[in-house]
Amino acid sequence: MNILEGIERAGFSFMSNFWRKLDKPIIGLAPMAGITDSPFRRIAKDWGAELVYSEMISSHALVYRNKKAFELGRFRKMERPIIIQLFGREPSIMAEAARIVENEIKADGVDINFGCPAKRVVKSGHGAALMDEPQLAGKIVRVMVKAIKIPLSVKTRLGEKRKTEIYDFAKRMEEMGTKAIAIHGRTLKQGYKGSADWKPIYKVAAMVSIFVLGNGDIKNQKDIAGRLSQAKISGVLIGRGAFGNPFIFHGVRAIKKDPERFIKNEGFEFAAVSSNERRETILKQANYALETKGKRGLIELRKHLAAYVKGSKNAKEIRSRLVKTSTCDEIETVLKKYENYL
Ligand SMILES: Cc1cc2nc3c(=O)[nH]c(=O)nc-3n(C[C@H](O)[C@H](O)[C@H](O)COP(=O)(O)O)c2cc1C
């Protein structure tokens with residue numbers, strides 16, 4: 001046992017904290033239920049995303065060994081570092097689920113969903129509803145941190161009703177042992193309305209010493225640069241801006257070579273993504289989907305196909321053809337026919 005392992009065994013998570021190994025600024029894919037499955041995460045990684053999260057998984061379902069829950073947790077080596085996101089409100093169940101993520105799913109990190117605004121989730125006291133129960137949220141974190149060696153992070157919002165709730169909440173999360181916090185710049189009450197407010201996120205970054213990732217409304221590379229230029233956050237997560245557009249991660253490696261220049265210039269001039277590259281990306285995702293989930297994968301892919309062509313000329317016609325496809329060859333034929341519109 002070397003010194004670092006000794007420190008680790010003594011309870012100081014050091015070697016297993018992948019967050020420290022990531023180059024800052026971190027540019028990652030935000031978790032999106034029904035969207036960020038393994039095939040799409042691999043595509044995001046291909047284009048340069050450095051960090052990906054699973055879709056949210058019920059802690060109860062994992063602990064009761066539900067097959068679908070384990071399927072949601074499955075990933076490929078190329079997705080590392082990957083964080084599995086759990087939701088739940090019972091500390092002991094959350095701790096047991098975290099152990100499963102560490103020992104059986106073998107992910108790099110565990111995340112808690114303290115931000116989901118969906119009615120069925122909030123009504124049962126899960127997701128963003130837990131911002132209104134900070135004591136319980138803190139207890140969940142404390143118990144989970146104790147249960148695992150891999151780092152625990154949380155993803156949350158500015159507050160339940162007020163944008164200032166995040167200050168105490170973030171401090172509590174840090175005190176309880178969270179290694180990173182991702183903050184979507186809206187309150188629960190806002191849902192997805194209005195625009196994301198990043199000022200409170202910047203303020204949190206100045207208040208805590210854990211990793212802080214900002215999230216909300218990033219649509220292009222200029223937005224990434226704009227958000228990173230204003231304060232010392234550790235990075236950003238991109239959700240809807242990556243749906244049908246994993247190309248948004250294009251250039252992350254170039255950004256890493258010279259982040260200061262990227263940030264100061266409010267963006268590099270990136271080479272445009274050609275229609276050929278777009279077609280190949282879509283086909284690659286189709287192949288990943290088929291290989292991972294079989295025929296069901298291609299049906300689930302349909303929403304992605306529609307998102308890929310959104311905004312292009314003839315989008316309606318292309319979409320109506322794409323959503324009728326049921327093999328990769330059929331998808332390729334449609335994409336070839338319309339290649340000038342991609
Ligand atoms: C369809 C959809 C599903 C989502 N699912 C999750 C989820 O499972 N866990 C989570 O923490 N956030 C989830 N979110 C929230 C996103 O991660 C992100 O915080 C939000 O969309 C704001 O970022 P954006 O403007 O970049 O999309 C979801 C968002 C959408 C649109």
Side-chain angles (χ1 to χ4, degrees), residues 29-42 51-76 79-133 136-157 173 176 178 180 182 184 188 237 239 288-289 291-297 299-301 303-304:
L29 175 69
M32 288 183 286
I35 295 173
T36 55
D37 59 0
S38 173
F40 185 59
R41 295 192 301 258
R42 276 182 262 164
L51 179 64
V52 295
Y53 292 66
S54 71
E55 306 166 66
M56 62 176 173
I57 305 178
S58 154
S59 53
H60 264 95
L62 264 193
V63 169
Y64 291 104
R65 312 210 67 87
N66 174 284
K67 206 171 138 216
K68 177 92 200 296
F70 276 86
E71 247 169 52
L72 285 174
R74 210 168 287 152
F75 62 89
R76 297 291 161 97
E79 294 173 50
R80 289 190 184 280
I82 180 165
I83 302 177
I84 299 291
Q85 190 189 61
L86 299 174
F87 72 95
R89 57 177 280 117
E90 279 181 40
S92 61
I93 298 282
M94 287 292 271
E96 185 51 35
R99 269 186 222 109
I100 292 174
V101 172
E102 175 167 75
N103 300 324
E104 297 182 46
I105 296 178
K106 296 190 191 300
D108 299 284
V110 181
D111 188 83
I112 309 176
N113 182 322
F114 284 147
C116 183
K119 266 204 184 112
R120 74 189 155 83
V121 173
V122 171
K123 261 197 168 166
S124 54
H126 297 89
L130 280 154
M131 285 203 86
D132 203 30
E133 290 184 80
L136 175 58
K139 184 173 176 194
I140 293 171
V141 169
R142 199 179 63 233
V143 172
M144 288 173 82
V145 165
K146 261 193 156 171
I148 52 174
K149 286 195 217 69
I150 53 174
L152 183 83
S153 55
V154 303
K155 183 164 172 290
T156 185
R157 288 181 168 242
M173 294 296 106
M176 295 299 155
T178 306
H184 172 193
L188 163 61
L237 291 183
Y288 285 158
E291 160 210 311
T292 312
K293 305 184 185 182
K295 288 236 166 216
R296 172 173 61 91
I299 292 169
E300 287 178 16
L301 182 78
K303 54 180 173 268
H304 289 268

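Keep in mind that the numbers below use all heavy atoms, side chains included, and drop hydrogens, waters and symmetry copies.
No donor-acceptor contact under 3.5 angstrom links the side chains of S59 and E90, judged on distance only. A donor and an acceptor atom, one from each side chain of S124 and R120, are nowhere located under 3.5 Å apart.
A salt bridge links E291 with R42: at least one charged nitrogen is closer than 4.0 Å to a carboxylate oxygen. A salt bridge links E133 with R89; the closest basic N to acidic carboxylate O contact falls under 4.0 Å. Checked for salt-bridge contact, R296 and E71 meet the test: a charged N lies under 4.0 Å from a carboxylate O.
Side-chain contact check for D37 versus E55: some heavy-atom pair is nearer than 4.5 Å. Side-chain atoms of I84 and D111, non-hydrogen and from C-beta on, never get closer than 4.5 Å to each other. With contacts defined as side-chain heavy-atom distances shorter than 4.5 Å, the pair H184/T156 does not qualify. Residues L136 and P91 meet the side-chain proximity criterion, which asks for heavy atoms closer than 4.5 Å. Using a 4.5 Å heavy-atom cutoff, the side chains of P117 and R157 are in contact. Looking only at side-chain heavy atoms (C-beta outward), F114 and K155 stay at 4.5 Å or farther from each other. Residues M56 and V121 have side chains in contact (heavy-atom distance under 4.5 Å, counting atoms from C-beta outward). L86 is listed as a side-chain neighbour of M144, based on a closest heavy-atom distance under 4.5 Å.
Separation of atoms OG1 (T178) and CD1 (I140) is listed at 11.0 Å; rounding is to 0.5 Å. The CG atom of L51 sits 8.0 Å away from the OG atom of S153 when rounded to the nearest 0.5 Å. Rounding to the nearest 0.5 Å places CE of M32 at 6.0 Å from CZ of F40. Summarising the geometry, atom CD1 belonging to I112 is positioned 12.0 Å from atom CD1 belonging to I83; distances are rounded to the nearest 0.5 Å.
Using modelled atom types, one side-chain atom of R41 and one backbone atom of T36 make a donor-acceptor pair closer than 3.5 Å.
Evaluation of the ring-ring contact (aromatic ring centres under 6.0 Å, His included) rule for H126 yields F87 as partners, not counting sequence neighbours.
The two residues V110 and V101 come nearest to each other via the heavy atoms CG2-CG1, 3.7 Å. In this structure, K106 and F75 approach most closely via the heavy-atom pair O-CZ, 3.4 Å.
Atom NZ of K139 is surrounded by 12 or fewer heavy atoms from other residues, nucleotides or ligands within 6.0 Å.
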